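These figures come from a predicted structure and were not determined experimentally.
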Amino acid sequence: MLEPNAATTRIATWNVNSLRVRLPHVLQWLESNPVDILALQETKLNDPDFPIDEITSAGYKVVYSGQKTYNGVAILSRQDAADVLTEVPGLDDPQRRFLAANFGDIHVVNLYVPNGESPESDKYTYKLNWLEHVRAYLEGALAAHSRVVVVGDFNIAPDDRDVYDPEAWRERILCTTTERNAFRGLLDTGLQDTFRRFNDAAGNFSWWDYRAAAFRRRMGLRIDHILSSAALIERCSECVIDTVPRGWERPSDHTPVVATYT
DNA sequence: ATGGTAGAACATCTA
């Protein structure tokens, strides 16, 4: 086990499903997991309503791009963000799902990928188009930066190991071959699924439906991911899914994923 | 049984 040192950087992602409700969970989690960077999705807050003071008091800077009721992304960080980007270039999208910034020499991209609803839905077409524009953005980002980390709620289970019942989910939303190919398209820009560098096993999940006691019954999907560029993956010592907060009172339906770089 | 729960605009929408 590596000793923590000044050169260690920990980056985490967590879909909180309303930061208004989950701010205490975030602050409690940060107390025992003082990561350098925490990317949040589904904050569901207008920017003027963002809880800056509470996050500043916890020792973090923050940048955010929110809207009322739906979506919304934020990045908490120990050091200041630079070159903040809130739009996917070339995509005219009122939904606040994208936030990119530099933290030192690391380019961080925080994604809340559209759910898609079902393969027959217009939202599915929107999801695939959104992912194609992000893929194009990442090609440029990887050409400009050596250290790139892409984190968030991807709303895609990359393969059958990431699904509690693969046959029941065959070609359903989050698991269709087309979505999985789009995920591979993101990796093909020069990124690796960081969790899979350390763990080949099935049954590791980051999301469990609120319904039908899915968490207790271990009926989950791995849809929250950390993708690392080659320069970062060779410095990555660990990537874990922290299932503890999913068991807390009034939890988000997602739980944090954390990568450690040395 | 297309069910079930959660969060938000608190009537439906989204997930």
Side-chain angles (χ1 to χ4, degrees), chain A residues 13-29 39-51 54-55 64-74 88 91 93-99 110-131 134 151-158 162-176 178-180 182-183 205-225 241 243-257:
Chain A
T13 179
W14 193 2
N15 179 324
V16 292
N17 186 20
S18 169
L19 186 56
R20 202 186 301 277
V21 173
R22 237 66 72 183
L23 180 61
H25 302 65
V26 170
L27 297 177
Q28 183 177 337
W29 187 79
L40 303 178
Q41 303 87 36
E42 282 204 273
T43 54
K44 299 186 176 180
L45 290 172
N46 269 327
D47 288 349
D49 299 326
F50 200 90
E54 292 89 337
I55 285 166
Y64 42 87
S65 176
Q67 66 183 94
K68 188 172 61 174
T69 307
Y70 300 120
N71 310 314
V73 282
V88 186
L91 186 68
D93 185 10
Q95 301 191 24
R96 303 293 81 193
R97 298 178 173 275
F98 178 91
L99 189 59
N110 180 16
L111 306 179
Y112 176 44
V113 177
N115 173 283
E117 190 178 45
S118 76
E120 297 75 32
S121 171
D122 289 344
K123 296 184 188 123
Y124 186 73
T125 309
Y126 165 65
K127 177 179 195 172
L128 296 173
N129 182 58
W130 196 93
L131 285 164
V134 168
V151 307
D153 176 359
F154 287 68
N155 270 315
I156 300 172
D162 304 312
V163 184
Y164 69 92
D165 185 345
E167 293 313 318
W169 281 78
R170 188 73 59 211
E171 296 303 329
R172 282 177 56 190
I173 198 65
L174 315 184
C175 298
T176 67
T178 304
E179 290 165 277
R180 288 175 169 177
F183 184 80
F205 308 131
S206 66
W207 170 82
W208 300 259
D209 200 299
Y210 283 121
R211 297 164 288 190
F215 180 61
R216 182 179 58 73
R217 298 161 68 191
R218 303 174 190 240
M219 298 166 63
L221 272 62
R222 191 176 69 95
I223 56 176
D224 300 270
H225 306 299
I241 304 173
T243 58
V244 171
R246 186 62 179 80
W248 289 349
E249 286 293 317
R250 211 179 179 192
S252 169
D253 46 352
H254 297 250
T255 210
V257 184

Nearest-angstrom distance, [atom1] atom, [N] to [M]:
| N | M | atom1 | result |
| --- | --- | --- | --- |
| B:dT2 | B:dG7 | P | 25 Å |
| B:dT5 | B:dC10 | C1' | 16 Å |
| B:dT14 | B:dA9 | C1' | 12 Å |
| B:dA15 | B:dG3 | C1' | 16 Å |

Atom-to-atom span, [atom1] of [X] to [atom2] of [N] - whole angstrom:
| X | N | atom1 | atom2 | result |
| --- | --- | --- | --- | --- |
| A:D209 | B:dT14 | CG | C1' | 12 Å |
| A:W207 | B:dT5 | CH2 | P | 15 Å |
| A:F215 | B:dT5 | CZ | P | 18 Å |
| A:Y210 | B:dG3 | OH | P | 20 Å |
| A:W248 | B:dA6 | CH2 | C1' | 18 Å |
| A:N115 | B:dG7 | CG | C1' | 15 Å |
| A:H254 | B:dT14 | NE2 | C1' | 12 Å |
| A:N155 | B:dT14 | CG | P | 14 Å |

Short side-chain N/O contact from [X] to OP1 or OP2 of [N], under 4.0 Å:
| X | N | result |
| --- | --- | --- |
| A:R172 | B:dT2 | no |
| A:R97 | B:dA15 | yes |
| A:R22 | B:dG7 | yes |
| A:K123 | B:dT14 | yes |

Side chain of [X] only, please: which of [options] is the nearest?
| X | options | result |
| --- | --- | --- |
| A:T69 | B:dA8, B:dA6, B:dA15 | B:dA8 |
| A:S18 | B:dA8, B:dC13, B:dA15 | B:dA8 |
| A:K44 | B:dA9, B:dA15, B:dG7 | B:dG7 |
| A:Y70 | B:dG7, B:dA15, B:dA6 | B:dG7 |

Which comes earlier along DNA chain B counting from the 5' end, the contact point of A:D253 or that of A:R250, where each point is its nearest nucleotide? A:R250
Flag the pair A:Y124 / A:T176 as yes when at least one side-chain heavy-atom distance between them is below 4.5 Å, and no otherwise. yes
Heavy-atom side-chain contact between A:L131 and A:I156 under 4.5 Å: yes
With distance as the sole test, does [X] use its side chain to make a donor-acceptor pair with the main-chain N or O of [Y] at under 3.5 Å?
| X | Y | answer |
| --- | --- | --- |
| A:R217 | A:A212 | yes |
| A:S206 | A:D224 | yes |
| A:R96 | A:D93 | yes |
| A:R22 | A:N17 | yes |

